[in-house]
Amino acid sequence: MTHRLLHGKRGIIFGALDEHSLAWRAALKIKEEGGTFVLTNTPVALRLGTVHQLAETCQAQVISADATIVEDLENLFDQAQDILGGKVDFILHSIGMSPNVRKQRSYGDLNYEWFLKAMDISALSFHKILQTAEKKDAMNEWGSIVALSYIAAQRTFPDYSDMAQAKAMLESIARSYGYRFAKSKKVRVNTISQSPTPTTAGNGVRGFEKFYTYAQHMSPLGNASAEDCANYIVLMFSDLSRMVTMQNLMHDGGFSSTGITEEILGIL
Ligand code: NAI
């Protein structure tokens with residue numbers, strides 16, 4: 001059922017790689033709700049992934065950009081405004097990658113160049129996007145910007161490794177830039193802390209399946225799916241959430257407030 005919550009709104013969606021991506025589901029839902037947007041990803045993701053299929057379905061244009069390169073972002077914001085016919089109302093940052101996690105390096109044996117790369121891709125890219133949007137004056141008033149995070153920012157999950165630091169930084173950037181953007185343009189900036197979800201990035205974490213099952217048993221409502229996440233993103237881009245900013249919003253079926261469940265006790 002569609003409510004046309006995003007009718008007339010324009011935006012940029014980062015991070016759709018294939019049909020499992022959280023950004024992919026979000027794009028379909030945003031389209032359904034009347035939003036128009038451009039899709040963007042790195043040149044290699046555009047080559048290896050299936051973004052062009054999504055673009056066809058959503059009648060969206062695809063712009064290549066590496067979110068760690070400011071010149072790419074400047075070009076992206078210029079092109080996006082030309083294509084969409086004006087400033088943007090929403091931005092989704094759905095970007096994450098850690099070479100240390102991918103290559104299963106132990107937390108006591110991290111490669112620091114890779115660590116910095118993980119921070120640049122997964123956290124600093126958010127600041128670069130926000131700063132470019134502000135400098136280009138590319139956001140409409142009462143616009144909404146969302147990045148996707150994970151509860152490892154607050155609690156330790158050993159195999160999440162340096163991505164935990166990246167997510168902590170991502171959430172901190174949302175607060176700091178959220179203050180600035182609220183004052184200057186009434187733009188809100190939030191992170192959504194999503195349940196484990198089977199995607200390319202999710203499956204890259206060692207033991208993901210057990211991780212997913214554990215969270216499922218620990219969440220009174222069960223894990224939030226990619227579809228649920230897409231719905232929450234739509235809500236955050238709609239005018240129904242216009243006074244919510246600088247928040248890390250738990251979207252996890254109750255996981256973050258739960259100490260133990262009957263299901264877990266039953267297994268022990
Ligand atoms: P995904 O692998 O489908 O998406 C990650 C995206 O980041 C890919 O499209 C990739 O091309 C893009 N990316 C990597 N380097 C980039 C760069 N330099 N510039 C621009 N884009 C770049 O996986 P998923 O799960 O959809 O990840 C999206 C976001 O959701 C990530 O921030 C992830 O940490 C977060 N998240 C995922 C959870 C999960 O269990 N899957 C749980 C909580 C948060």
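Note that the structure is predicted; figures quoted are calculated from it, not measured.
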Side-chain contact, heavy-atom cut-off 4.5 Å: [X] with [Y]?
X    : Y    : value
T213 : K210 : no
W24  : T50  : yes
E171 : R175 : yes
I30  : K9   : no
L92  : F237 : yes
V70  : T132 : yes
Y212 : V205 : no
L268 : I264 : yes

Side chains of [X] and [Y] only: does a donor on one sit below 3.5 Å from an acceptor on the other?
X    : Y    : result
S98  : N100 : no
N190 : Q247 : no
D18  : T200 : yes
S225 : R25  : no
Q61  : Q79  : no

Under 3.5 Å, is there a donor-acceptor pair between the side chain of [X] and the main chain of [Y]?
X    : Y    : value
T40  : I63  : yes
S106 : G108 : yes
T68  : I121 : no
R242 : K186 : no
R10  : G85  : yes
S122 : M97  : yes
S241 : M236 : yes
E33  : H3   : yes
T2   : R4   : yes
D252 : S195 : no

Could you tell me which non-hydrogen atom of [X] sits nearest to which non-hydrogen atom of [Y], and how far apart they are?
X    : Y    : result
M139 : I145 : CE-CG1, 3.8 Å
L73  : A67  : CD1-O, 3.6 Å
Q216 : N223 : OE1-N, 3.0 Å
A224 : T197 : O-OG1, 4.2 Å
L130 : F181 : O-CE1, 3.8 Å
P220 : F255 : CD-N, 4.3 Å

Matching residue for T191 among L170, V146, I173, L249 - test: side chain to side chain contact (heavy atoms under 4.5 Å, CB included):
L170
Does the plane of the ring in F14 sit parallel, tilted or perpendicular to the ring in H93? Use 30° and 60° as the thresholds.
tilted
For a ring-ring contact (aromatic ring centres under 6.0 Å, His included) check, start with the C-alpha distance between F157 and Y150, then their side-chain angles and the critical distance, and finish with the verdict.
CA-CA 10 Å; F157 294 81; Y150 183 58; 5.5 Å; yes
For K185, is the NZ atom crowded, meaning more than 12 foreign heavy atoms sit under 6.0 Å from it?
yes
E113 atom CD, neighbour heavy-atom count above 12 within 6.0 Å:
no
Which ILVMFWY residues can you reach from M246 by hopping between side chains whose heavy atoms are under 4.5 Å apart?
Y179
Among Ile, Leu, Val, Met, Phe, Trp and Tyr joined by side-chain contacts under 4.5 Å, find the other residues sharing a cluster with W142 and list them by chain and number.
M243
For E227 and K29: C-alpha separation, side-chain torsions, deciding distance, then whether salt bridge (Lys or Arg N to Asp or Glu O under 4.0 Å) applies.
CA-CA 8 Å; E227 182 78 5; K29 192 63 72 176; 2.8 Å; yes
Looking at [atom1] of [X] and [atom2] of [Y], how far apart are the two atoms once the value is rounded to the nearest 0.5 Å?
X    : Y    : atom1 : atom2 : value
L17  : T199 : CG    : OG1   : 9.0 Å
E74  : I69  : CD    : CD1   : 11.5 Å
D120 : L116 : CG    : CG    : 8.5 Å
I192 : C229 : CD1   : SG    : 5.5 Å
S256 : M250 : OG    : CE    : 4.5 Å
R180 : E134 : CZ    : CD    : 4.0 Å

In the single-linkage hydrophobic clustering (I, L, V, M, F, W, Y; side-chain heavy atoms under 4.5 Å), do [X] and [Y] co-cluster?
X   : Y    : result
L76 : V187 : yes
V62 : L54  : yes
I95 : L124 : yes

Step by step, work out the salt bridge (Lys or Arg N to Asp or Glu O under 4.0 Å) result for R206 and D159.
CA-CA 6 Å; R206 193 156 65 115; D159 291 326; 3.2 Å; yes
If you take the centroid of each ring, where Trp contributes its six-membered ring, are Y160 and F211 closer together than 6.0 Å?
no
Return the set of residues passing side chain to side chain donor-acceptor pair (under 3.5 Å) with N41 (not counting sequence neighbours), or none when no residue passes.
none
I would like to know whether R105 and D162 meet salt bridge (Lys or Arg N to Asp or Glu O under 4.0 Å); could you show each step before the answer?
CA-CA 10 Å; R105 288 289 281 253; D162 54 5; over 6 Å; no
